[in-house]
Trainee: 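Supplied in structure tokens, the structure appears directly below.
Positions are given from 1, in the same order as the sequence printed here.
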Amino acid sequence: MPYEMIVTETDGAVAVIRLNRPESLNALCDQLMSELADALRGFDSDKSIRCIVLTGSDRAFAAGADIKEMQNRSWPETGLDDFIGKSWEVVTTTLKPVIAAVSGYALGGGCELAMMCDIIIAADTAKFGQPEIAIGVIPGAGGTQRLTRAIGKSKAMEMILTGRMMDAEEAERANLVARVVPAADLMPETMKLARRIAGMSPVALLQAKRSINAAFETMLAEGVRYERASFLPLFGTPHQREGMAAFIEKRKPDFS
Ligand code: CAA
């Protein structure tokens, strides 16, 4: 599928998807989201890829769902059309690790998209927010759930009920992002992280990602059971054998 609104490239085992709709600050219209879903599906099933980086431009990761496209939508068509449905879900069902490299605005659906990724690395220029309240709606792509789980109820309430933005430093303090780096270092640092992850055992990455997500999606006791059920079958896999042998033999593991 030829893409018009995203650009994809690969660097070894790392795939990079760049949102590329500069005229509207990467507003997430239907076409962009279906191109993104297609690219994610493709890289997820490509055996040579082990980690995916999702990024935008210096000015905007994404300024939200496309307000111009959705301004005339009404219920029940929004439901019947599956508005913000399947193409957005692909991001959360991607099996490989997905890192969001965020520079500039990550607002509304853009913030939600970043939160759907597994790790967020922010440039010091990043600004996060859920400003939907200011246009008469609420977050519709998981923002009320994921922001609350990431930064806690009181701060999530304040953010979502006022629509205010949070800068990168506050986002790091609030645990919304893993790390803040100078804007010029955003891609080099993110690629370094992605390459490090891509060097790990793919099956262990899959099980770790699923188990961490279970912490979000289930109660603790169920999550711990889920973790155990993911952990035990790793024993006896070639990568478990290689990883543990390499440690004992004081050499680097070969997870090829
Ligand atoms: N949808 C459509 N177009 C958008 C957009 C969006 N979410 N965000 C920005 N744009 C467009 C602007 O309309 C403008 O286009 P024109 O040149 O044709 O007028 C262009 O991008 C540049 O934007 P601005 O001139 O506004 O740039 P700025 O620097 O003055 O402001 C901004 C930047 C603060 C990000 C501002 O654009 C803004 O507030 N954008 C909207 C943010 C927002 O409300 N996002 C939530 C959307 S709803 C949602 O996401 C629902 C959900 O939960 C899934």
Side-chain angles (χ1 to χ4, degrees), residues 16-19 21-22 24-28 32-33 36 51-65 67 84 88 91-92 94 97-135 137-194 196-197 209 212-213 215-217:
V16 179
I17 304 175
R18 184 181 297 278
L19 308 178
R21 238 193 130 199
S24 58
L25 303 183
N26 292 332
L28 304 167
L32 186 152
M33 288 311 295
L36 174 60
C51 185
I52 301 167
V53 172
L54 178 59
T55 193
S57 66
D58 290 348
R59 194 165 163 220
F61 177 74
I67 300 169
I84 310 204
W88 288 66
V91 187
T92 56
T94 300
V98 184
I99 305 173
V102 175
S103 176
Y105 297 112
L107 302 177
C111 186
E112 292 170 302
L113 182 60
M115 290 191 292
M116 286 179 194
C117 298
D118 301 311
I119 299 173
I120 304 176
I121 303 295
D124 52 10
T125 56
K127 285 191 173 5
F128 298 87
Q130 296 291 161
E132 290 89 343
I133 201 96
I135 53 167
V137 291
I138 68 167
T144 60
Q145 304 304 299
R146 291 196 180 88
L147 190 66
T148 307
R149 281 165 163 79
I151 70 175
K153 172 180 160 179
S154 184
K155 212 171 178 65
M157 282 281 186
E158 189 220 355
M159 297 284 301
I160 291 174
L161 301 191
T162 65
R164 81 165 173 92
M165 292 184 215
M166 188 190 265
D167 66 19
E169 194 193 315
E170 185 181 2
E172 187 178 31
R173 268 202 320 272
N175 289 329
L176 180 59
V177 307
R179 192 146 44 97
V180 178
V181 297
D185 298 340
L186 179 64
M187 284 315 286
E189 286 295 322
T190 304
M191 292 304 286
K192 207 191 291 176
L193 171 65
R196 180 172 176 166
I197 291 172
K209 172 169 166 163
I212 293 166
N213 282 334
F216 270 79
E217 289 154 13

Trainee: How would you list, by chain and number, every residue that makes a salt bridge (Lys or Arg N to Asp or Glu O under 4.0 Å) with Arg18, sequence neighbours excluded?
Mentor: none
Trainee: Within this structure, what is the CD1-CD1 distance for the pair Ile197 and Ile52, rounded to the nearest 0.5 Å?
Mentor: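 It comes to 11.5 Å.
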Trainee: Are the side chain of Thr55 and the backbone N or O of Ala101 linked by a donor-acceptor pair below 3.5 Å?
Mentor: yes
Trainee: If I compare all heavy atoms of Asp118 with all of Pro97, which pair ends up nearest, and what's the gap?
Mentor: OD2-CA, 3.3 Å
Trainee: Tell me whether Glu158 at atom CD has more than 12 heavy atoms from other residues, nucleotides or ligands lying less than 6.0 Å away.
Mentor: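 Count over threshold, so yes.
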Trainee: Indicate the atoms forming the closest heavy-atom contact of Met159 with Gly129, along with that distance.
Mentor: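 Looking at all heavy atoms of both residues, the shortest contact is CE-CA, 4.0 Å.
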Trainee: Could you grab the distance from atom CG of Leu161 to atom CD1 of Ile138, nearest 0.5 Å is fine?
Mentor: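 Rounded to the nearest 0.5 Å, the CG-CD1 separation comes out at 10.5 Å.
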Trainee: Could you walk me through whether Thr144 and Gln130 pass side chain to side chain contact (heavy atoms under 4.5 Å, CB included), step by step?
Mentor: CA-CA 9 Å; Thr144 60; Gln130 296 291 161; over 6 Å; no
Trainee: For the OG atom of Ser24 and the CG atom of Leu32, what is their distance to the nearest 0.5 Å?
Mentor: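 Taking OG in Ser24 and CG in Leu32, the distance rounds to 8.0 Å.
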Trainee: Report the C-alpha distance between Thr125 and Asp58 in whole Å, list the side-chain angles of each, state the deciding distance to 0.1 Å, and finish with yes or no for side chain to side chain contact (heavy atoms under 4.5 Å, CB included).
Mentor: CA-CA 8 Å; Thr125 56; Asp58 290 348; over 6 Å; no
Trainee: Determine the sole option in Leu113, Asn26, Ile120 for which the side chain to side chain contact (heavy atoms under 4.5 Å, CB included) test with Phe61 is passed.
Mentor: Leu113
Trainee: Check whether any side-chain N or O of Arg59 sits under 3.5 Å from a backbone N or O of Gly104 as a donor-acceptor pair, and report yes or no.
Mentor: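 Checking the backbone N and O of Gly104 against the side chain of Arg59, no donor-acceptor pair under 3.5 Å is found.
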Trainee: For Ala114 and Val102, which heavy atoms make the closest approach, and how far apart are they?
Mentor: CB-CG2, 4.1 Å
Trainee: Is there a side-chain contact between Leu107 and Leu25 in this structure, where contact means two heavy atoms from C-beta onward sitting under 4.5 Å apart?
Mentor: no
Trainee: For the CD1 atom of Ile160 and the OG1 atom of Thr148, what is their distance to the nearest 0.5 Å?
Mentor: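 If we round to the nearest 0.5 Å, Ile160:CD1 and Thr148:OG1 are 5.0 Å apart.
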Trainee: Is there side-chain contact between Leu147 and Phe128, with heavy atoms separated by less than 4.5 Å?
Mentor: no
Trainee: Report yes or no: does Arg149 contribute a side-chain atom to a donor-acceptor pair with the main-chain N or O of Phe216 at less than 3.5 Å?
Mentor: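 Yes.
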Trainee: Can you name the salt bridge (Lys or Arg N to Asp or Glu O under 4.0 Å) partners of Arg146, sequence neighbours left out?
Mentor: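 Once residues adjacent in sequence are excluded, Arg146 has no partner under the salt bridge (Lys or Arg N to Asp or Glu O under 4.0 Å) criterion.
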Trainee: Tell me which donor-acceptor pairs under 3.5 Å the side chains of residues 177-188 have, and how far apart each pair is, sequence neighbours excluded?
Mentor:
from: Arg179; atom 1: NH1; to: Glu189; atom 2: OE1; distance (Å): 3.3

Trainee: Out of curiosity, Lys127 NZ to Glu170 CD, how far, rounded to the nearest 0.5 Å?
Mentor: 11.0 Å
Trainee: Looking at every heavy atom in both Ala62 and Leu19, which two are closest together, and how far apart are they?
Mentor: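 Of all heavy-atom pairs spanning Ala62 and Leu19, the closest is CB-CD1, 4.2 Å.
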Trainee: Which heavy atom of Gly109 sits nearest to which heavy atom of Glu132, and what is that distance?
Mentor: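 In terms of heavy atoms, the two residues are closest at N-OE2, 3.8 Å.
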Trainee: Report the distance from atom CD of Glu217 to atom CD of Gln145, rounding to the nearest 0.5 Å.
Mentor: 11.5 Å
Trainee: Does any part of the side chain of Thr94, heavy atoms only, come nearer than 4.5 Å to the side chain of Met116, both counted from C-beta?
Mentor: no
Trainee: Return the minimal non-hydrogen interatomic distance between Gly140 and Glu112, and the atom names on each side.
Mentor: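 Distance-wise, the nearest heavy atoms are N-OE2, 3.3 Å.
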Trainee: Taking C-beta and beyond as the side chain, do Arg173 and Lys155 meet within less than 4.5 Å on heavy atoms?
Mentor: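 No, side chains not in contact.
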